[in-house]
Every structure is written in C-alpha cells, then in structure tokens.
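Before any comments, here is the structure.
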Amino acid sequence: MSWTEIVIEVALSDAETLSDALMDAGALSVSVEDADLGTAAEQPLFGEPGMEPKEAAWQRSRVVVLAEVDADHAAIVSNAAKACGVAVPPYSLRPVAAQDWVRLTQSQFEPIHIGKNIWVVPSWHDAPDANGLILELDPGLAFGTGSHPTTRLCMEWLEIHVPLQKPKSLLDYGCGSGILAMVAKKLGGDSSVVGVDIDPHAIDAARYNSERNHCDVAYYLPEDFGANSALQVFDIVVANILSGPLKLMAPMLCSRIAAGGSLTLSGVLAEQAEDVIAAYAQWLPLSVWAEQDGWVALSGTLK
Ligand SMILES: C[S@@+](CC[C@H](N)C(=O)[O-])C[C@H]1O[C@@H](n2cnc3c(N)ncnc32)[C@H](O)[C@@H]1O
C-alpha cells in the first residue's frame, strides 16, 4: 500500500479551517507545520525568559495531506478550498514510499542487556544469549521496559541481592509492566512475589507479561492489596516511583518490611536523595547504592 502527500502552503490564519475541510474532502490525515521549518527563516518558538510570548507560533504554514495514491488529489484540494470560501491554493504532490511500518516500528526496540546476565527481549527477537535470564517484554501501556535508568538500577540491585538474601517473599510496589517482579521471581525461585500498582492498565499488562514469562506473581491494585494481604510483610520491598510519593509512602512501605528485611527505592534524582533518606530515617538507614544518569537507587535494611 502506498500513499501520496499533497503539500499546500497557506497563510497561518487559513491553516486550521482548511485542514478540517481537507479531512471532509477525503484526506486520510492532515498535519500542519511551519513552512520555514529547517530553513534560515525559521523562528524559535520560545523567546528568552522574560520576553513576551509571540502571538503566533510561526508566520506561514505548510499543510501536509496524506491521501490514497489513486484519489483525485485536485478534487480534494479544490473541494476543501470551496468549502472554506477561499481560492484554490497552489499545491505539490509527493509520493510516500511503501514501508513495512510494523517492521520499522519494531526495529526501534532492540534487546536490552542489564546487569551481568539479564536480557529484556521484544517478542519479535531471538534471545541474544540463551544462557541469560531472559524476559520477553514488548513496549506497551505500562512503564518498565528496561530502558530507563531507574528500572535498570533496581534490576541490577535485584540481580546481586536476591541470590544473596534468598528472600521468601518480595514486594514490588509501583510494579508497572511487572518487570522487577518478574526478574525477582526468576532470580528467587520459589519466593512469593507480589506486585502492586495504582494503574489498572499496569496491573493488566503485568499479569499478561508474567503469564508469557511463566512467572507466578500476584498483582493487586493498592486497595485490593490492603484487603488481601493486610498483615503480610516481605523480606525485600522494592519501589521505583518518584521521590514525592515515596516520601509520603514511607510509613506504609516500611510497615511491609519483615524484621531484618530490606528496602530498595528508585525514581529518585541524585539531588533528591538526602530528602528521601531523611523521610525514611526513623525506620531504616537508607544510603545511595548506585547512580546512573543522575538517578539513584537507595537501599537499606530494617533496624
Ligand atoms: C516509574 S514506574 C516503575 C515501573 C517498574 N516497577 C519499573 O521499575 O520499571 C512507577 C509505577 O508506579 C505506579 N505508581 C505511582 N504512584 C503509585 C501509588 N501511589 N501506588 C502504587 N503505584 C503507584 C505507576 O502507575 C507506575 O506504574
């Protein structure tokens, strides 16, 4: 399947009405861009701090219309112009090369190597190292594909500490795609792993991902977690959220750590570490375990 782009240069004031009319006249999609984009005449959108914002983003617009290759392109433009009560604007046509869009999108997601031996592998790839700890995971609605430094920090911590601590139970609070819970389950053998997230889409994604990776993990929304395991404590608690919620959650998260158990937090910027450490100080001494790209993982053991 291939398409044609109709490129029309119009005055800024006409761009929006013409775009609507072009959709009514048979366009598949319409986008409006700065006609001076990439040229010496392009104006920066934002001025220096303190300057008045410009009234308009740019001076002249280019309307780019995607149409079927065998559509009547002249009719699309003239019908739209007629509907707007303006003269038919000059336009040019350019072919859009046929692409395998699925393949193109998929090629942007390569397997990710984390720590010593963990691989996060999209379903359309073979595992690069058959002896590695392989998580099959596609980019989706929930946060956690292994590309973010905070996820990587937590996975690296788990890779080292789960085999050392051999936890009987582990809680992943703010589980997103379930990536940390699944790694913990694969590293921890028969330990009981629970994931909690406030976002129902994340819970669905985590359940789906865990089934595909043969990981027996229980996932809950916070209210169901409270109802189902009100008194349960865990040998390891890990939470990769942001510093604000982590500070508020300190009493709740600490109440979930078993005696002698540990807590690992990420989603915290290096400059926020001191503040987060202070919020947890009455329960356990946290310290910076590692830093990546300005993000830290904090870790500590319950007093
Ligand atoms: C940064 S993502 C981390 C996802 C995954 N654990 C990882 O390490 O990649 C944070 C997750 O915490 C969840 N979250 C945010 N606030 C929360 C809260 N108050 N209770 C539970 N989950 C929360 C978000 O929905 C999101 O999925």
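Read the numbers this way: they start at 1 and go in the same order the structure lists the ligands and their atoms. Any value given below was found using the heavy atoms of this structure, including those in side chains, with hydrogens, waters and symmetry copies removed.
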Relative to ligand 1, is Cys175 under 4.0 angstrom through side chain, backbone, both or neither, heavy atoms considered? backbone
What verdict does the salt bridge (charged side-chain N to carboxylate O under 4.0 Å, His left out) test give for Glu9 and Arg60, after you've listed the backbone C-alpha separation in whole Å, the side-chain angles of each residue and the deciding distance to 0.1 Å? CA-CA 7 Å; Glu9 287 198 15; Arg60 295 179 311 125; 2.8 Å; yes
Quick check: does Asp197 get an N/O under 3.5 Å from an N/O on ligand 1? yes
For a side chain to side chain contact (heavy atoms under 4.5 Å, CB included) with Ile8, tell me which candidate from Val32, Val65, Val64 qualifies. Val65
Using the six-membered ring wherever Trp is involved, compare the ring planes of Trp289 and Trp157 and label them parallel, tilted or perpendicular (cut-offs 30° and 60°). perpendicular
Looking only at protein heavy atoms, which one is nearest to atom 20 (N) of ligand 1, and what is the separation? Tyr173 CE2, 3.5 Å
Which of the numbered atoms in ligand 1 are below 4.0 angstrom from a heavy atom of Ile179? 7 (C), 9 (O)
Side chain to side chain donor-acceptor pair (under 3.5 Å) evaluation trace for Ser192 with Ser169: CA-CA 5 Å; Ser192 131; Ser169 56; 5.7 Å; no
Is ligand 1 under 4.0 Å from a heavy atom in the side chain of Met249, in the backbone, in both, or in neither? side chain
Does ligand 1 come near enough to Ser177 that some N or O of the ligand is less than 3.5 Å from an N or O of the residue? no
Is it true that Asp293 and Arg152 make a salt bridge, defined as a side-chain N closer than 4.0 Å to a carboxylate O? no
List every atom of ligand 1 that sits less than 4.0 Å from any heavy atom of Asp199, numbering the atoms from 1 in the order shown and giving each element. 25 (O)
List the steps and the verdict of side chain to side chain donor-acceptor pair (under 3.5 Å) for Asn209 and Ser177. CA-CA 7 Å; Asn209 290 330; Ser177 65; 4.7 Å; no
Taking atom 21 (C) of ligand 1 as the point of reference, which of Ile241, Leu221, Ile198, Leu242 owns the nearest heavy atom? Ile198
Just which atoms of ligand 1 are under 4.0 Å from any heavy atom in Asn240? 1 (C), 2 (S), 3 (C), 7 (C), 8 (O), 9 (O), 10 (C)
List in chain and number order the residues that pass side-chain hydrogen bond (donor to acceptor under 3.5 Å, both in side chains) with Ser147, two or more places apart in sequence or in another chain; answer none if no residue qualifies. Thr145
Atoms of ligand 1 less than 4.0 Å from Gly176 heavy atoms? 4 (C), 27 (O)
Between the candidates Gly144, Ser147, Gly174, Pro222, which shows the shortest non-hydrogen contact distance to atom 6 (N) of ligand 1? Gly174
Evaluate whether atom CD of Glu16 has more than 12 neighbouring non-hydrogen atoms of other residues, nucleotides or ligands under 6.0 angstrom away. no
Thr151 to ligand 1: N or O pair under 3.5 Å? yes
shortest atom 2 (S) of ligand 1-to-protein heavy-atom contact is with Phe143 CD2, 3.4 Å
Residue pairs, two or more places apart or on separate chains, that pass side-chain hydrogen bond (donor to acceptor under 3.5 Å, both in side chains) and touch residues 268-288: Ser243-Gln272, Lys247-Asp275
